[in-house]
2 protein chains.
Amino acid sequence: MPRLVAPDMTETGWLEALPDLRPLDEPARALLSREAARVELKPGTVLFRPGDVCANFLIVLAGSVRVHLLSELGREIVLYRVTAGSTCILTTSCLIGREDYSAEGVTETAVSAVALAKPAFDALVAASPVFRDFVFHGFGTRLTDLMRLVSEVAFGRIECRLAEALIRHAPVGGTVPLTHQVLATELGTAREVVSRQLKEFERLGLVGLGRGRLEVLDTAGLRDLAAAASG
Amino acid sequence: MPRLVAPDMTETGWLEALPDLRPLDEPARALLSREAARVELKPGTVLFRPGDVCANFLIVLAGSVRVHLLSELGREIVLYRVTAGSTCILTTSCLIGREDYSAEGVTETAVSAVALAKPAFDALVAASPVFRDFVFHGFGTRLTDLMRLVSEVAFGRIECRLAEALIRHAPVGGTVPLTHQVLATELGTAREVVSRQLKEFERLGLVGLGRGRLEVLDTAGLRDLAAAASG
DNA sequence: CCCGCTCAGTGACTAAGTCACCATGAGGTT
DNA sequence: AACCTCATGGTGACTTAGTCACTGAGCGGG
């Protein structure tokens with residue numbers, strides 16, 4: 001279980017953990033400190049579902065929120081993750097556009113965050129160029145991510161995408177707990193497809209397989225695969 | 001050839017054509033009018049390519065800009081269109097994040113637009129809540145669009161997506177000039193796939209086909225197809 | 001020890017994308 | 001008119017991906 005509140009994240013100190021907000025001027029800093037509510041969430045908490053309306057702006061201080069789309073018939077695809085120091089763009093978008101959520105957000109780990117009600121959010125955006133940049137910049141980053149995702153889903157081979165996902169999720173030759181289903185969800189494909197592809201990777205000596213776990217044996221080999229004709 | 005400048009879009013009057021900016025306060029309005037440069041573009045003009053850096057914020061007054069991704073090997077997919085009254089979110093994102101473009105933007109028709117250099121854009125965002133909302137709102141809308149696109153590409157059947165595209169592009173039973181290749185690009189698939197599917201639609205009496213043109217015969221039938229298992 | 005569960009393996013099938021190639025027709029040229 | 005060229009679209013054979021239905025292996029709790 002990860003530490004929820006780092007030593008320097010006291011009631012007033014958490015702001016220091018957000019590098020992009022450090023240049024905040026004093027009035028904005030005071031407003032943010034006063035209005036923001038600390039939130040601690042257990043892993044597996046559903047933050048929002050498609051159709052929910054959005055009430056609060058959220059900045060993640062620690063942990064990871066997974067945002068994914070659900071198909072009508074059980075398939076899923078991970079859109080992006082919100083990690084320490086970033087904001088949930090979908091939440092921002094809903095706040096501003098007064099739209100409903102179109103995806104689902106679930107905490108993957110324990111998550112420490114601050115929440116900001118819409119009026120305070122609006123006031124901060126109006127008052128502080130730094131805060132505005134922070135929000136806008138998050139928007140831009142996610143947008144770029146989503147475009148890359150579209151590109152991968154539309155043009156990329158499963159072989160390459162799986163290799164990339166393995167590199168991302170299993171950095172250094174250690175054994176990681178990853179089921180085929182989780183990888184399938186990651187890529188937006190079916191479990192059987194992942195199983196077959198993984199078996200092929202095993203045959204090539206790139207990975208070792210076991211029930212509910214997986215070991216990357218040849219990162220370079222995977223990288224080659226990922227690079228080949230990936231667009 | 002569409003009329004480039006509507007009667008009320010005089011040098012000072014084009015602002016009235018943007019409903020979302022009508023509540024602008026007087027100083028912002030003055031700033032916008034003073035700094036914005038009118039631009040007229042011919043159809044087929046490439047506005048930006050992947051890797052380009054971004055210099056200006058752009059608001060489209062009339063016409064349509066198609067923004068699409070290119071795969072390494074010739075395939076394309078349309079991400080969205082920027083039409084009258086809206087802004088190119090990718091441009092905005094690049095301006096703010098100081099990133100390069102990751103897609104290509106081409107005018108589909110003659111396009112009338114206003115351009116705003118970054119300093120003026122920044123000043124307006126800082127000064128005017130209305131302008132800020134305008135920009136943010138565009139962001140949110142596109143974001144939602146992109147998510148829907150991811151969903152369709154990842155989960156949707158070509159049959160359904162093609163039916164939807166036909167409904168979108170050929171509203172009322174008239175004959176429209178649309179090649180199979182254009183439709184394939186629209187959906188991010190291959191021309192052969194579209195050809196075969198269209199032939200099937202023709203067999204079902206849903207469309208009439210001809211060289212370089214296409215007629216929707218049964219919109220309701222297409223709508224049924226589009227609705228069936230589309231996610 | 002058995003029950004029930006999650007996780008993975010498999011074969012047969014359908015859908016989609018790829019490749020190579022040909023046929024057609026429209027427009028311009030000589 | 002005859003010809004050429006090019007964009008368009010038709011087609012078969014093949015590969016890759018996704019679906020469906022089912023089997024079996026491991027694992028923990030009662």
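Scope of the values below: all heavy atoms of this structure, side chains included, with no hydrogens, waters or symmetry mates. Each chain gets a letter, A, B and so on, in the order its sequence line appears, and its residues count up from 1. If you're wondering where the values come from, they're calculated on a predicted model, not measured in any experiment.
Protein atom CZ of B/Phe155 is 12 Å distant from nucleotide atom C1' of D/dG18, rounded to whole Å. Rounded to a whole Å, the NZ atom of A/Lys199 is 13 Å from the P atom of D/dA25. Rounded to whole angstrom, the span from the CG atom of B/Leu162 across to the C1' atom of D/dG9 amounts to 15 Å. C/dG9 atom C1' lies 12 Å from atom CD of A/Glu202, rounded to whole Å. For B/Ile158 and C/dT18, the CD1 to P distance is 11 Å, given to the nearest whole Å. Between B/Glu159 atom CD and C/dG17 atom C1' the separation is 16 Å, expressed in whole Å. Atom CZ of A/Arg211 is separated from atom C1' of D/dG24 by 10 Å (rounded to the nearest Å). Here C/dC7 presents its C1' atom at 13 Å from CG of A/Leu178, a figure rounded to the nearest Å.
Between B/His180 and D/dA7, a side-chain N or O to OP1/OP2 separation shorter than 4.0 Å is absent. Regarding contacts with the backbone of D/dT16, a side-chain N or O of A/Arg157 is found under 4.0 angstrom from either OP1 or OP2. For the pair B/Arg196 and D/dG10, the criterion of a side-chain N or O lying under 4.0 Å from OP1 or OP2 is not met. Note on B/Arg191: every side-chain N or O is 4.0 Å or more away from OP1 and OP2 of D/dG10. Look at B/Thr189 and you'll find a side-chain N or O under 4.0 angstrom from OP1 or OP2 of C/dG17.
Closest to the side chain of B/Thr179, out of D/dT8, C/dA8, C/dA16, is D/dT8. The side chain of B/Arg75 has C/dG17 as its nearest neighbour among C/dA15, C/dG17, D/dT16. Closest approach to the B/Glu192 side chain among C/dT6, C/dA20, C/dG9 is made by C/dA20 (side chain taken as heavy atoms from C-beta onward). For B/Gln197, the side-chain atoms get nearest to C/dA16 when compared with the rest of D/dT8, C/dA16, C/dT10.
Of the two residues contacting DNA chain C, namely B/Val193 and A/Gln181, the nearest-nucleotide position lying further toward the 5' end is that of A/Gln181. Nucleotides of DNA chain D nearest to A/Gly188 and B/Leu209 differ in position, and the one nearer the 5' end is that of B/Leu209.
Using a cutoff of 4.0 Å between basic side-chain nitrogens and carboxylate oxygens, A/Arg213 and A/Glu215 are not scored as salt-bridged. Using a 4.0 Å cut-off between charged side-chain N and carboxylate O, A/Glu152 and A/Arg157 make no salt bridge. The residues B/Arg203 and B/Glu200 are annotated as salt-bridged, a charged nitrogen and a carboxylate oxygen being separated by less than 4.0 angstrom.
Contact check for B/Cys54 versus B/Tyr101: side-chain heavy atoms found under the 4.5 Å cut-off.
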Test side-chain hydrogen bond (donor to acceptor under 3.5 Å, both in side chains) applied to A/Arg148 and B/Ser102, step by step = CA-CA 8 Å; A/Arg148 180 169 31 247; B/Ser102 53; over 6 Å; no
